[in-house]
Amino acid sequence: MHSQASDRELALVAWLRSRGSALLGFSGGVDSAYLACVAVDALGPDRFLAVIGRSASYPEEQWRHARGVAQRHAIPVVEIDTRELDDPSYAANPSNRCYFCKSELWTRLVPLARERGFASVIDGTNADDRGDHRPGGAAASELGVESPLADVGLTKAEIRALSLRRGLAGWDRPASPCLSSRIPYGTAVTVDRLRRIEAAERAVRSLGVAGDLRVRYHGELARIEISRDELAAWLAPDRRDALDGAVRSAGFARVAIDLAGFRSGSLNVLAGVRPE
Amino acid sequence: VSAPSLEVALDALGIPCDVEAHDRLAVVIPRGDVSALADAGPRRQVIRLARDHGFTHIALELVASPRAAEGAAANVAPAAPRATLHRD
(Lines give C-alpha, C1' and ligand atoms only; values in the text may rest on other atoms or scores of the structure.)
Protein backbone atom coordinates (compact mmCIF):
# COMPACT_ATOMS: atom_id res chain seq x y z
CA MET A 1 0.00 0.00 0.00
CA HIS A 2 1.37 3.35 -1.03
CA SER A 3 1.95 5.44 2.08
CA GLN A 4 0.34 8.45 0.42
CA ALA A 5 -2.99 6.61 0.27
CA SER A 6 -2.67 5.64 3.94
CA ASP A 7 -1.89 9.24 4.86
CA ARG A 8 -4.94 10.38 2.94
CA GLU A 9 -7.10 7.87 4.76
CA LEU A 10 -5.89 9.32 8.06
CA ALA A 11 -6.72 12.77 6.73
CA LEU A 12 -10.18 11.49 5.81
CA VAL A 13 -10.77 10.22 9.34
CA ALA A 14 -9.68 13.61 10.70
CA TRP A 15 -11.93 15.40 8.21
CA LEU A 16 -14.95 13.34 9.31
CA ARG A 17 -14.24 13.78 13.02
CA SER A 18 -13.91 17.52 12.51
CA ARG A 19 -17.56 17.58 11.36
CA GLY A 20 -18.79 15.51 14.31
CA SER A 21 -21.52 13.71 12.38
CA ALA A 22 -22.45 13.09 8.77
CA LEU A 23 -25.21 11.89 6.48
CA LEU A 24 -24.01 10.30 3.22
CA GLY A 25 -25.78 9.94 -0.13
CA PHE A 26 -25.03 6.24 -0.57
CA SER A 27 -25.21 4.40 -3.90
CA GLY A 28 -23.17 1.34 -2.94
CA GLY A 29 -20.56 2.18 -5.58
CA VAL A 30 -16.88 1.80 -4.77
CA ASP A 31 -16.47 5.38 -3.54
CA SER A 32 -19.51 5.73 -1.34
CA ALA A 33 -19.10 2.20 0.06
CA TYR A 34 -15.54 2.97 1.11
CA LEU A 35 -16.54 6.33 2.54
CA ALA A 36 -19.39 4.75 4.50
CA CYS A 37 -17.06 2.16 6.04
CA VAL A 38 -14.49 4.75 7.07
CA ALA A 39 -17.18 7.08 8.38
CA VAL A 40 -18.91 4.49 10.53
CA ASP A 41 -15.53 3.57 12.04
CA ALA A 42 -14.53 7.21 12.56
CA LEU A 43 -17.84 8.55 13.87
CA GLY A 44 -19.66 5.52 15.22
CA PRO A 45 -23.09 4.25 14.15
CA ASP A 46 -25.02 6.93 16.07
CA ARG A 47 -23.33 9.83 14.35
CA PHE A 48 -23.38 8.52 10.80
CA LEU A 49 -26.17 7.60 8.42
CA ALA A 50 -26.06 6.35 4.82
CA VAL A 51 -29.10 7.14 2.69
CA ILE A 52 -30.00 5.34 -0.52
CA GLY A 53 -32.13 7.26 -3.03
CA ARG A 54 -34.13 4.80 -5.10
CA SER A 55 -35.76 5.39 -8.48
CA ALA A 56 -36.12 3.66 -11.84
CA SER A 57 -32.74 5.05 -12.91
CA TYR A 58 -30.95 3.25 -10.05
CA PRO A 59 -30.18 -0.36 -11.06
CA GLU A 60 -31.71 -2.96 -8.79
CA GLU A 61 -28.50 -4.98 -8.83
CA GLN A 62 -26.66 -1.93 -7.48
CA TRP A 63 -29.28 -1.54 -4.76
CA ARG A 64 -28.82 -5.18 -3.69
CA HIS A 65 -25.07 -4.66 -3.55
CA ALA A 66 -25.49 -1.48 -1.50
CA ARG A 67 -27.74 -3.26 1.01
CA GLY A 68 -25.24 -6.13 1.21
CA VAL A 69 -22.32 -3.78 1.92
CA ALA A 70 -24.33 -1.99 4.59
CA GLN A 71 -25.28 -5.24 6.28
CA ARG A 72 -21.77 -6.71 6.15
CA HIS A 73 -20.10 -3.60 7.55
CA ALA A 74 -22.79 -2.58 10.06
CA ILE A 75 -23.49 0.68 8.23
CA PRO A 76 -26.72 2.34 9.38
CA VAL A 77 -28.79 2.89 6.26
CA VAL A 78 -32.20 4.23 5.29
CA GLU A 79 -33.88 4.49 1.90
CA ILE A 80 -35.95 7.19 0.30
CA ASP A 81 -37.71 7.20 -3.06
CA THR A 82 -36.52 9.98 -5.33
CA ARG A 83 -38.73 11.41 -8.06
CA GLU A 84 -36.37 12.88 -10.63
CA LEU A 85 -38.35 11.29 -13.45
CA ASP A 86 -41.34 13.42 -12.48
CA ASP A 87 -39.28 16.53 -13.21
CA PRO A 88 -39.77 17.53 -16.88
CA SER A 89 -36.33 19.15 -16.89
CA TYR A 90 -34.79 15.79 -16.03
CA ALA A 91 -37.03 13.67 -18.24
CA ALA A 92 -36.21 15.80 -21.30
CA ASN A 93 -32.65 14.51 -20.88
CA PRO A 94 -30.54 17.61 -21.47
CA SER A 95 -26.77 17.34 -21.27
CA ASN A 96 -26.94 18.68 -17.69
CA ARG A 97 -29.52 16.03 -16.71
CA CYS A 98 -27.43 15.01 -13.68
CA TYR A 99 -27.95 18.46 -12.22
CA PHE A 100 -31.70 17.86 -11.93
CA CYS A 101 -31.22 14.38 -10.51
CA LYS A 102 -28.82 15.54 -7.83
CA SER A 103 -30.98 18.57 -7.05
CA GLU A 104 -33.83 16.18 -6.28
CA LEU A 105 -31.59 13.96 -4.15
CA TRP A 106 -29.93 16.67 -2.11
CA THR A 107 -33.13 18.67 -1.72
CA ARG A 108 -34.45 15.63 0.09
CA LEU A 109 -31.32 14.71 2.04
CA VAL A 110 -30.29 18.11 3.36
CA PRO A 111 -33.56 18.61 5.33
CA LEU A 112 -33.40 14.99 6.46
CA ALA A 113 -29.93 15.61 7.89
CA ARG A 114 -31.19 18.72 9.66
CA GLU A 115 -34.18 16.87 11.14
CA ARG A 116 -31.99 14.08 12.46
CA GLY A 117 -29.26 16.36 13.77
CA PHE A 118 -26.43 15.49 11.40
CA ALA A 119 -23.89 18.29 11.11
CA SER A 120 -22.84 17.63 7.53
CA VAL A 121 -24.13 16.09 4.31
CA ILE A 122 -21.49 14.33 2.21
CA ASP A 123 -21.10 12.52 -1.10
CA GLY A 124 -18.63 10.07 -2.64
CA THR A 125 -17.02 12.39 -5.18
CA ASN A 126 -13.33 11.54 -5.40
CA ALA A 127 -10.29 13.59 -6.47
CA ASP A 128 -10.39 12.24 -10.05
CA ASP A 129 -14.01 13.28 -10.45
CA ARG A 130 -13.18 16.92 -9.91
CA GLY A 131 -11.54 17.10 -13.32
CA ASP A 132 -14.61 15.69 -15.12
CA HIS A 133 -17.71 17.37 -16.48
CA ARG A 134 -20.18 16.69 -13.63
CA PRO A 135 -23.25 18.90 -13.58
CA GLY A 136 -24.47 16.93 -10.54
CA GLY A 137 -21.59 18.43 -8.59
CA ALA A 138 -23.03 21.91 -9.07
CA ALA A 139 -26.29 20.84 -7.41
CA ALA A 140 -24.34 19.41 -4.50
CA SER A 141 -22.33 22.61 -4.06
CA GLU A 142 -25.45 24.78 -4.18
CA LEU A 143 -26.93 22.83 -1.28
CA GLY A 144 -23.75 22.76 0.79
CA VAL A 145 -22.96 19.08 0.26
CA GLU A 146 -19.32 18.30 0.93
CA SER A 147 -16.98 15.80 -0.74
CA PRO A 148 -14.45 14.54 1.80
CA LEU A 149 -12.77 11.99 -0.50
CA ALA A 150 -11.96 14.72 -3.00
CA ASP A 151 -11.04 17.18 -0.24
CA VAL A 152 -8.30 14.89 1.08
CA GLY A 153 -7.13 14.06 -2.46
CA LEU A 154 -8.12 10.39 -2.61
CA THR A 155 -8.13 9.06 -6.17
CA LYS A 156 -10.19 6.17 -7.52
CA ALA A 157 -7.15 3.88 -7.63
CA GLU A 158 -6.32 4.68 -4.01
CA ILE A 159 -9.91 4.12 -2.92
CA ARG A 160 -9.91 0.71 -4.61
CA ALA A 161 -6.62 -0.21 -2.91
CA LEU A 162 -7.81 0.98 0.51
CA SER A 163 -11.11 -0.86 0.03
CA LEU A 164 -9.25 -4.07 -0.74
CA ARG A 165 -7.17 -3.61 2.41
CA ARG A 166 -10.38 -3.23 4.43
CA GLY A 167 -11.83 -6.38 2.90
CA LEU A 168 -14.63 -4.39 1.33
CA ALA A 169 -16.65 -6.51 -1.10
CA GLY A 170 -16.89 -4.87 -4.49
CA TRP A 171 -13.57 -3.01 -4.30
CA ASP A 172 -12.99 -3.97 -7.95
CA ARG A 173 -16.53 -3.53 -9.25
CA PRO A 174 -16.83 -1.66 -12.52
CA ALA A 175 -18.39 1.79 -12.31
CA SER A 176 -22.17 1.67 -12.41
CA PRO A 177 -23.61 5.01 -13.40
CA CYS A 178 -27.35 5.52 -13.47
CA LEU A 179 -29.35 3.86 -16.22
CA SER A 180 -30.32 7.19 -17.77
CA SER A 181 -26.73 7.52 -18.98
CA ARG A 182 -27.53 4.88 -21.62
CA ILE A 183 -30.03 7.17 -23.34
CA PRO A 184 -28.65 9.80 -25.72
CA TYR A 185 -29.06 13.38 -24.58
CA GLY A 186 -32.17 14.88 -26.08
CA THR A 187 -34.05 11.56 -26.08
CA ALA A 188 -36.61 11.48 -23.28
CA VAL A 189 -35.91 9.36 -20.21
CA THR A 190 -38.94 7.21 -19.37
CA VAL A 191 -39.52 4.44 -16.87
CA ASP A 192 -40.26 2.01 -19.70
CA ARG A 193 -36.96 2.75 -21.46
CA LEU A 194 -34.99 2.44 -18.23
CA ARG A 195 -36.62 -0.90 -17.45
CA ARG A 196 -35.80 -2.24 -20.91
CA ILE A 197 -32.18 -1.15 -20.59
CA GLU A 198 -31.89 -2.66 -17.12
CA ALA A 199 -33.48 -5.93 -18.26
CA ALA A 200 -31.15 -6.08 -21.27
CA GLU A 201 -28.05 -5.53 -19.15
CA ARG A 202 -29.22 -8.12 -16.65
CA ALA A 203 -29.78 -10.62 -19.47
CA VAL A 204 -26.32 -9.95 -20.93
CA ARG A 205 -24.72 -10.31 -17.50
CA SER A 206 -26.48 -13.66 -17.10
CA LEU A 207 -24.55 -14.89 -20.16
CA GLY A 208 -21.27 -14.26 -18.34
CA VAL A 209 -20.17 -10.77 -19.38
CA ALA A 210 -18.19 -9.69 -16.33
CA GLY A 211 -16.50 -6.34 -16.89
CA ASP A 212 -17.79 -2.97 -18.02
CA LEU A 213 -21.11 -3.20 -19.80
CA ARG A 214 -23.58 -0.69 -21.19
CA VAL A 215 -26.64 -1.25 -23.33
CA ARG A 216 -27.13 2.03 -25.19
CA TYR A 217 -30.59 3.02 -26.30
CA HIS A 218 -31.10 4.01 -29.95
CA GLY A 219 -34.87 3.57 -30.23
CA GLU A 220 -35.62 0.07 -31.50
CA LEU A 221 -31.89 -0.63 -31.74
CA ALA A 222 -29.78 -1.49 -28.68
CA ARG A 223 -26.02 -1.01 -28.94
CA ILE A 224 -23.99 -3.11 -26.53
CA GLU A 225 -20.65 -1.86 -25.25
CA ILE A 226 -18.52 -4.42 -23.41
CA SER A 227 -14.96 -4.18 -22.17
CA ARG A 228 -12.26 -4.52 -24.82
CA ASP A 229 -10.79 -7.51 -22.96
CA GLU A 230 -13.97 -9.47 -23.50
CA LEU A 231 -14.95 -8.14 -26.91
CA ALA A 232 -13.20 -10.72 -29.12
CA ALA A 233 -14.82 -13.64 -27.33
CA TRP A 234 -18.29 -12.13 -27.75
CA LEU A 235 -17.80 -11.59 -31.46
CA ALA A 236 -17.69 -15.36 -32.08
CA PRO A 237 -20.81 -16.38 -34.08
CA ASP A 238 -22.46 -18.56 -31.40
CA ARG A 239 -21.98 -15.91 -28.76
CA ARG A 240 -23.33 -13.17 -31.03
CA ASP A 241 -26.54 -15.18 -31.29
CA ALA A 242 -26.72 -15.51 -27.50
CA LEU A 243 -26.21 -11.77 -27.01
CA ASP A 244 -28.83 -10.99 -29.62
CA GLY A 245 -31.40 -13.26 -27.95
CA ALA A 246 -30.67 -11.85 -24.51
CA VAL A 247 -31.17 -8.23 -25.53
CA ARG A 248 -34.20 -8.93 -27.71
CA SER A 249 -35.82 -10.64 -24.74
CA ALA A 250 -35.78 -7.22 -23.05
CA GLY A 251 -37.87 -5.70 -25.81
CA PHE A 252 -35.41 -4.38 -28.37
CA ALA A 253 -36.09 -5.21 -32.04
CA ARG A 254 -32.48 -4.86 -33.16
CA VAL A 255 -29.17 -5.48 -31.40
CA ALA A 256 -25.67 -4.36 -32.34
CA ILE A 257 -22.32 -4.64 -30.59
CA ASP A 258 -19.92 -1.70 -30.61
CA LEU A 259 -16.70 -2.72 -32.33
CA ALA A 260 -14.59 -0.37 -30.20
CA GLY A 261 -15.96 -1.79 -26.96
CA PHE A 262 -16.75 0.16 -23.82
CA ARG A 263 -15.41 3.71 -23.64
CA SER A 264 -15.33 5.00 -20.12
CA GLY A 265 -15.85 8.57 -19.06
CA SER A 266 -15.24 9.96 -22.50
CA LEU A 267 -17.54 12.36 -24.23
CA ASN A 268 -18.80 9.98 -26.83
CA VAL A 269 -19.99 12.53 -29.26
CA LEU A 270 -22.36 11.19 -31.85
CA ALA A 271 -23.71 14.48 -33.15
CA GLY A 272 -21.38 17.18 -31.96
CA VAL A 273 -23.41 18.18 -28.91
CA ARG A 274 -21.26 19.54 -26.13
CA PRO A 275 -22.12 19.21 -22.45
CA GLU A 276 -23.48 22.40 -20.89
CA VAL B 1 -20.60 10.90 -42.91
CA SER B 2 -20.73 8.59 -45.90
CA ALA B 3 -22.30 5.19 -45.38
CA PRO B 4 -22.14 4.08 -49.05
CA SER B 5 -18.41 4.76 -49.34
CA LEU B 6 -17.75 3.08 -45.98
CA GLU B 7 -19.65 0.07 -47.28
CA VAL B 8 -17.37 -0.09 -50.34
CA ALA B 9 -14.27 0.28 -48.18
CA LEU B 10 -15.39 -2.50 -45.82
CA ASP B 11 -16.18 -4.75 -48.75
CA ALA B 12 -12.66 -4.19 -50.09
CA LEU B 13 -11.35 -5.19 -46.67
CA GLY B 14 -13.24 -8.48 -46.89
CA ILE B 15 -16.17 -7.51 -44.69
CA PRO B 16 -19.27 -8.00 -46.85
CA CYS B 17 -21.95 -5.79 -45.34
CA ASP B 18 -24.46 -3.02 -45.67
CA VAL B 19 -23.93 0.11 -43.59
CA GLU B 20 -26.74 2.08 -42.02
CA ALA B 21 -26.08 5.56 -40.67
CA HIS B 22 -27.64 6.67 -37.38
CA ASP B 23 -26.16 10.15 -37.41
CA ARG B 24 -22.51 9.46 -36.54
CA LEU B 25 -23.06 5.84 -35.55
CA ALA B 26 -22.47 3.35 -38.38
CA VAL B 27 -24.39 0.10 -38.03
CA VAL B 28 -22.79 -2.73 -39.98
CA ILE B 29 -25.29 -5.31 -41.25
CA PRO B 30 -23.49 -8.45 -42.38
CA ARG B 31 -24.14 -9.82 -45.87
CA GLY B 32 -21.75 -12.74 -45.45
CA ASP B 33 -18.95 -13.99 -43.24
CA VAL B 34 -17.72 -11.29 -40.88
CA SER B 35 -15.87 -13.59 -38.49
CA ALA B 36 -12.68 -11.62 -39.19
CA LEU B 37 -14.06 -8.96 -36.85
CA ALA B 38 -13.33 -11.24 -33.89
CA ASP B 39 -9.63 -10.48 -34.49
CA ALA B 40 -8.24 -7.26 -33.09
CA GLY B 41 -6.26 -6.33 -36.23
CA PRO B 42 -9.14 -6.25 -38.73
CA ARG B 43 -11.36 -4.68 -36.08
CA ARG B 44 -8.92 -1.82 -35.64
CA GLN B 45 -8.88 -1.31 -39.41
CA VAL B 46 -12.67 -1.20 -39.50
CA ILE B 47 -12.79 1.36 -36.69
CA ARG B 48 -10.22 3.48 -38.48
CA LEU B 49 -12.19 3.30 -41.73
CA ALA B 50 -15.36 4.35 -39.91
CA ARG B 51 -13.57 7.38 -38.49
CA ASP B 52 -12.15 8.21 -41.93
CA HIS B 53 -15.73 8.28 -43.20
CA GLY B 54 -16.93 10.64 -40.48
CA PHE B 55 -18.41 8.19 -37.98
CA THR B 56 -17.59 8.35 -34.27
CA HIS B 57 -19.00 4.88 -33.51
CA ILE B 58 -19.32 1.65 -35.44
CA ALA B 59 -21.38 -1.33 -34.30
CA LEU B 60 -22.06 -4.74 -35.79
CA GLU B 61 -25.70 -5.80 -35.93
CA LEU B 62 -25.79 -9.26 -34.39
CA VAL B 63 -28.65 -10.71 -36.41
CA ALA B 64 -29.87 -8.65 -39.34
CA SER B 65 -33.57 -7.87 -39.05
CA PRO B 66 -35.98 -7.05 -41.89
CA ARG B 67 -36.04 -3.48 -40.55
CA ALA B 68 -32.28 -3.34 -40.87
CA ALA B 69 -32.45 -4.50 -44.49
CA GLU B 70 -34.96 -1.71 -45.21
CA GLY B 71 -32.72 0.94 -43.71
CA ALA B 72 -29.54 -0.43 -45.20
CA ALA B 73 -31.01 -0.28 -48.69
CA ALA B 74 -31.16 3.48 -48.23
CA ASN B 75 -28.07 3.68 -45.95
CA VAL B 76 -30.10 5.42 -43.27
CA ALA B 77 -31.62 4.35 -40.00
CA PRO B 78 -35.29 3.40 -40.44
CA ALA B 79 -36.68 5.41 -37.55
CA ALA B 80 -34.02 6.05 -34.97
CA PRO B 81 -34.21 9.04 -32.64
CA ARG B 82 -31.56 11.68 -33.10
CA ALA B 83 -28.52 10.31 -31.34
CA THR B 84 -26.54 12.92 -29.53
CA LEU B 85 -24.13 12.36 -26.72
CA HIS B 86 -23.41 9.79 -24.08
CA ARG B 87 -21.59 10.44 -20.87
CA ASP B 88 -20.61 8.04 -18.16
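To find a chain, count down the sequence lines: A is the first, B the second, and so on, and within it residues start at 1.
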Can you name the nearest heavy-atom pair linking [X] to [Y], along with the distance?
X	Y	result
A:A232	B:A38	CB-O, 3.4 Å
B:T56	A:R263	O-NH1, 3.3 Å
B:V27	A:R254	CG1-NH2, 4.1 Å

#### Entry: Part of B:I58 within contact of chain A (heavy atom distance under 4.5 Å)
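B:I58 touches chain A through backbone and side-chain heavy atoms alike.
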#### Entry: Heavy-atom proximity to chain A below 4.5 Å, by part of B:R48
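For B:R48, neither part sits under 4.5 Å from chain A.
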Enclosure of [X] [atom1] (heavy-atom neighbours >12, cutoff 6.0 Å):
X	atom1	value
A:R173	CZ	yes
A:R195	CZ	no
B:R44	CZ	no

### Query
Between A:L231, A:L259, A:D244, A:D258, which residue shows the highest count of heavy-atom pairs closer than 4.5 Å to chain B?
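Max contact count across the listed options: A:L259.
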### Message
Working note: A:R223 + B:H22, criterion side-chain contact (heavy atoms from CB on, under 4.5 Å); need CA distance, chi angles, decisive distance, verdict.
### Response
CA-CA 12 Å; A:R223 177 170 56 90; B:H22 293 238; over 6 Å; no
### Query
Does the pair B:L62 and A:V247 meet the rule for a side-chain contact (heavy atoms from CB on, under 4.5 Å), with working shown?
CA-CA 10 Å; B:L62 296 172; A:V247 177; over 6 Å; no
### Task
Anything in residues 234-242 of chain A with a heavy-atom distance to chain B below 4.5 Å? Please list those residues in order.
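Near chain B, by residue number: A:L235, A:R240, A:D241.
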